[in-house]
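Per chain, numbering begins at 1; letters A, B, ... match sequence-line order.
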Protein chains: 2
Amino acid sequence: MTKKTVGISDVAREAGVSVGTVSNSFNRPDSVAPETRARILAVVERLGYVRSESARQLRTGTSRIVALLVLDLANPFFVEVANGAERAARAAGLGVMVCTSAQSPSEEAEYVGLFTEQQVRGVLVIPADPTGRSLEPLRRQGIPYVVVDRLVEDAEVCSVSVDDVAGGRLAVEHLLAQGHRRVAYISGPAHLQQIRDRRTGALHAIAAAGLPPHTLHELPTAHMTIAAGRDAAARLLGLADRPTAVFCANDLLALGLEQALYSAGVKVPEEVAIVGYDDIEFASAVAVPLTSVRQPAAEMGRLAAQMLLAEAAGDDGIDHEHRSVVLQPELVVRTSSLHRVG
Amino acid sequence: MTKKTVGISDVAREAGVSVGTVSNSFNRPDSVAPETRARILAVVERLGYVRSESARQLRTGTSRIVALLVLDLANPFFVEVANGAERAARAAGLGVMVCTSAQSPSEEAEYVGLFTEQQVRGVLVIPADPTGRSLEPLRRQGIPYVVVDRLVEDAEVCSVSVDDVAGGRLAVEHLLAQGHRRVAYISGPAHLQQIRDRRTGALHAIAAAGLPPHTLHELPTAHMTIAAGRDAAARLLGLADRPTAVFCANDLLALGLEQALYSAGVKVPEEVAIVGYDDIEFASAVAVPLTSVRQPAAEMGRLAAQMLLAEAAGDDGIDHEHRSVVLQPELVVRTSSLHRVG
DNA sequence: TTGAAAGCGCTAACAT
DNA sequence: ATGTTAGCGCTTTCAA
């Protein structure tokens with residue numbers, strides 16, 4: 001237990017070769033004679049030798065892990081993004097470090113500090129800081145990063161996002177097609193681009209239908225959680241000219257809303273129709289399954305990881321062309337919005 | 001951009017001191033004169049110097065990150081465990097690497113290999129491999145680890161778990177107290193200790209009530225997911241002497257069950273009462289909120305992290321006494337089981 | 001195909 | 001309080 005850790009030189013000595021040969025047998029197997037290699041591997045096995053990643057990294061200057069910084073693992077949407085990214089990274093032989101910023105710019109900055117010290121191979125980040133300032137250190141250190149779930153026009157950065165304007169339009173178009181003429185938008189923090197874009201999309205749909213903007217009644221929330229959805233339900237029910245349909249900025253809100261309406265004896269979709277956003281698994285697992293705007297979350301994670309790896313592969317990031325990929329959302333219609341009105 | 005990375009010697013030169021002093025100003029601030037330190041820090045700032053963690057680690061032999069290997073982030077229960085662990089580790093200034101084994105022993109083994117190469121400070125693991133063999137390399141490398149959510153009798157390892165026998169008993173006691181005399185147990189893979197323990201607890205409750213063992217009718221599932229819960233519902237409804245109450249091995253199953261029953265027009269809790277397990281947030285967010293056995297998930301993660309850090313602190317793990325902490329579950333009664341029968 | 005040797009950037013022991 | 005210096009374990013020329 002207290003035995004000194006076995007290093008490459010121990011293996012070399014036992015196998016009767018030089019350390020360089022041992023190293024080669026790992027990193028350039030072709031350049032070492034098969035029987036030599038076999039002998040070395042046997043010794044490795046016998047001694048239980050494990051490469052020191054820190055030594056390799058110090059020598060080569062780059063680590064074998066990529067970091068993924070998400071806002072909140074409590075939202076299954078981000079879990080799905082993480083899964084997609086993790087699979088892609090592991091397929092490339094890299095480890096993934098999943099971290100949570102809890103939507104806090106300071107936490108984000110702290111993690112970015114950690115990542116630079118670790119000299120991670122790259123970072124996938126769903127930004128918590130709208131200014132993007134907390135990502136500066138990455139650029140300074142030359143650590144490639146890809147922004148996920150947010151469109152970045154900046155030509156210096158790759159990003160993968162989903163067209164939220166289209167998503168908002170899809171949701172409200174559907175509601176209007178069902179005959180609704182008063183639609184609530186249970187939104188979230190206004191500083192989130194996603195929230196603004198979805199509203200924009202909603203308004204587009206309304207304009208396209210020749211309806212006035214005030215057809216949409218926004219009910220902002222601070223947190224986009226189930227609890228916030230319940231709160232919003234109370235506000236909705238207190239409204240004078242109560243909307244007959246609700247577009248929620250995510251499924252957590254929608255789930256909270258649906259539950260509160262049920263408790264209040266308000267029928268979904270007969271009295272109030274609901275459309276959520278993200279299409280998390282739980283959205284389809286409730287008594288009245290939720291219509292939702294599906295985002296290709298896993299695909300987004302996968303793509304982001306691939307773009308990151310491509311960028312990291314280019315030495316010094318030279319000749320790398322930054323791209324912004326925008327994926328399209330899709331409306332998944334279920335019971336919660338299936339009721340014609342008017 | 002292509003500028004050579006700035007190292008500690010650059011800082012030393014610019015500040016007109018030696019590298020040792022720069023190092024000290026970071027690691028033993030008290031041993032360097034305040035004004036010297038200030039000057040150094042200014043240079044650090046100006047040059048944008050970032051410590052190389054790999055160099056530190058190579059020198060000191062230990063990294064500043066702990067790994068957390070869970071079965072599946074898609075289950076909010078594990079997310080909660082992860083959150084508790086992450087908070088505790090970060091409070092101690094350590095980074096956390098969250099990874100998913102997808103219940104696969106081979107994935108688990110692969111990650112363990114990664115962790116040994118990284119020489120992480122320690123590992124928190126919810127084991128996927130019931131034999132525990134895939135954790136062997138950790139022991140060989142002297143990397144401390146704590147087993148989470150599974151009781152390990154082995155005196156060589158710390159573990160934090162929840163008393164599943166008590167949980168099963170709690171659930172079924174409650175159901176029996178409501179008057180139920182035919183109870184189904186929608187379980188999971190029999191190789192999971194948790195599944196067996198919860199059944200044992202259920203049978204204890206039944207025996208204590210003076211009822212025969214066949215009062216409990218087990219419906220096994222392969223995956224413990226929402227979809228599996230729906231499937232189980234179909235089997236339940238096909239049963240000759242249909243149980244009036246169901247104990248589910250987790251909330252995902254319970255949610256799927258409840259939805260399928262609703263679709264089939266079977267009233268919960270009037271016709272079938274349901275008790276779930278884990279008390280994930282979604283359990284309380286459905287129309288008919290789920291009674292569930294609450295596990296102190298975050299607490300488990302927090303405790304495990306603390307035990308890990310304690311073990312890692314003891315040099316060479318010498319004089320460290322391994323402990324197995326068993327936490328107690330708690331029944332949270334909600335609507336899904338609130339109906340007296342018989 | 002293999003060996004010898006020079007560092008990668010840092011910490012810590014020791015010297016001043 | 002500060003400077004000097006020897007490695008940590010590995011990869012990678014360069015020679016043989």
Check your understanding: Quick check: does any side chain N or O of A:N27 sit under 3.5 Å from a backbone N or O of A:N24, one acting as donor and the other as acceptor?
Key ->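 The answer is no, because no donor-acceptor pair under 3.5 Å joins these two groups.
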Check your understanding: Checking A:Q103 side chain against A:L71 main chain: does a donor-acceptor pair fall under 3.5 Å?
Key ->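 Checked: no pair found.
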Review point. Can the positive tip of B:R37 be found less than 6.0 Å from the middle of the six-membered ring of B:F26, inside 45° of the ring normal?
Key: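 Pair B:R37/B:F26 does not count as cation-pi.
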**Study point:** Among B:L303, B:V162, B:L151, the one residue meeting side-chain contact (heavy atoms from CB on, under 4.5 Å) with B:V325
**Key:**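 Running side-chain contact (heavy atoms from CB on, under 4.5 Å) over B:L303, B:V162, B:L151 with B:V325 returns exactly one hit, B:L303.
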Practice item. State which residue, out of A:V125, A:V112, A:L69, A:I126, fulfils the side-chain contact (heavy atoms from CB on, under 4.5 Å) condition with A:S101. Key: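 The residue from A:V125, A:V112, A:L69, A:I126 that satisfies side-chain contact (heavy atoms from CB on, under 4.5 Å) with A:S101 turns out to be A:L69.
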Practice item. State whether A:R302 and A:E299 are salt-bridged, where the test is any N-O pair (Lys NZ or Arg NE/NH1/NH2 against Asp/Glu carboxylate O) under 4.0 Å. Key: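 Salt bridge: yes.
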Check your understanding: Does B:E53 pair with B:R56 as a salt bridge, N-O distance under 4.0 Å?
Key ->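 B:R56 and B:E53: salt-bridged.
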Review point. Where along residues 39-47 of chain B does a heavy atom fall under 4.0 Å from DNA chain D?
Key: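 When residues 39-47 of chain B is checked for heavy atoms under 4.0 Å from DNA chain D, there are no hits whatsoever.
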Exercise for review: Quick one: which residue pairs count as a side chain to side chain donor-acceptor pair (under 3.5 Å) with a foot in residues 57-72 of chain A, not counting sequence neighbours?
Suggested key: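 Found A:T62-A:R121.
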Practice item. Can you pull out how bent the helix from C:dT1-D:dA16 to C:dT16-D:dA1 is, comparing the axes over its first five and last five pairs, to 10°? Key: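 Result, rounded to 10 degrees: 30°.
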Check your understanding: Quick one: how far along DNA chain D does chain B reach, first to last nucleotide 5' to 3', anything under 4.0 Å to a heavy atom?
Key ->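 Result: D:dA1 to D:dG9.
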Review point. OP1 or OP2 of C:dT2 less than 4.0 angstrom from a side-chain nitrogen or oxygen of A:T36, does that happen here?
Key: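 So the side-chain polar atoms of A:T36 do come within 4.0 Å of the phosphate oxygens OP1 or OP2 of C:dT2, strictly under.
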Listed pairs under 3.5 Å, donor-acceptor, residues 44-51 of chain B side chains, sequence neighbours left out:
{"unit_1": "B:R46", "atom_1": "NH2", "unit_2": "B:E14", "atom_2": "OE1", "d": "3.1"}

Exercise for review: Determine whether the side chains of B:S161 and B:S159 contain a donor N or O and an acceptor N or O closer than 3.5 Å.
Suggested key: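 No, B:S159 and B:S161 have no side-chain donor paired with an acceptor closer than 3.5 Å.
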Revision key, fill the gap. 5' to 3', nucleotides 9-16 of chain C under a 4.0 Å protein heavy-atom cut-off (B base, S sugar-phosphate only, - none) gives BBBB----
